Peer 1: 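Once you've had a glance at the structure underneath, I'll fire off some questions.
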Amino acid sequence: MSMAVVMSEMPDVWRRVLAEHVPDGYQNCRTCFHAGGRASWPCQTYRIAQEAKWVAEGGLPGTGPHGPGPSRTRLSPPDPQPVVAPLEP
């Protein structure tokens with residue numbers, strides 16, 4: 001049984017995940033981190049929650065438009081973040 005199928009029976013969980021795992025201005029997940037920094041968005045956690053929502057709404061597991069496709073994070077390192085110097089008074 002997939003994690004999405006399990007999560008589909010917990011609407012409070014998948015709704016919270018979808019609300020919290022949102023992109024920042026650099027298309028990285030605001031919630032997920034990995035060894036090199038922030039995870040790319042959509043992160044795997046968000047994808048699982050999308051699939052859980054799909055299943056909860058009557059869709060068959062693995063047939064949704066979002067699927068568990070590859071994450072940009074696993075294919076390449078994250079884009080460097082710009083360095084912002086503090087303003088001097």
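Numbers for residues simply follow the sequence, beginning at 1. Because the structure is predicted, anything quoted here is derived from the model rather than measured.
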Peer 1: Quick one: OH on Y46 to OG1 on T31, what's the gap to the nearest 0.5 Å?
Peer 2: 11.5 Å

Peer 1: Shared ILVMFWY cluster between Y26 and F33, side chains joined below 4.5 angstrom?
Peer 2: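 As far as the 4.5 Å side-chain criterion goes, F33 and Y26 are not connected within one cluster.
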
Peer 1: Hydrophobic clustering (ILVMFWY, side-chain heavy atoms < 4.5 Å, transitive) - are V17 and V22 grouped together?
Peer 2: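 V22 does not cluster with V17.
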
Peer 1: Taking all non-hydrogen atoms of both residues, which atom of I48 and which atom of M7 are closest, and how far apart?
Peer 2: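 Heavy atoms of I48 and M7 come nearest at CG2-CE, 4.0 Å.
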
Peer 1: Any idea which heavy atoms bring R30 and R38 closest together, and the distance?
Peer 2: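 Looks like O-NH1, 2.7 Å.
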
Peer 1: Indicate the atoms forming the closest heavy-atom contact of C29 with W41, along with that distance.
Peer 2: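 Between these two residues, the closest heavy atoms are N-CB, 3.7 Å.
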
Peer 1: Working to the nearest 0.5 angstrom, can you tell me the gap between L60 CG and E51 CD?
Peer 2: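 One finds 9.5 Å between CG of L60 and CD of E51.
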
Peer 1: Would you check if there is a donor-acceptor pair between the side chains of S8 and W54 at a distance under 3.5 Å?
Peer 2: no

Peer 1: For R16, enumerate each residue passing the side-chain hydrogen bond (donor to acceptor under 3.5 Å, both in side chains) test, keeping only those at least two apart in sequence or located in another chain.
Peer 2: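 If we apply the side-chain hydrogen bond (donor to acceptor under 3.5 Å, both in side chains) test to R16, skipping adjacent residues, the hits are E20.
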
Peer 1: Do C32 and H21 pass the side chain to side chain contact (heavy atoms under 4.5 Å, CB included) test, and can you show the C-alpha distance, the side-chain angles, and the key distance before you say yes or no?
Peer 2: CA-CA 7 Å; C32 291; H21 290 257; 3.3 Å; yes

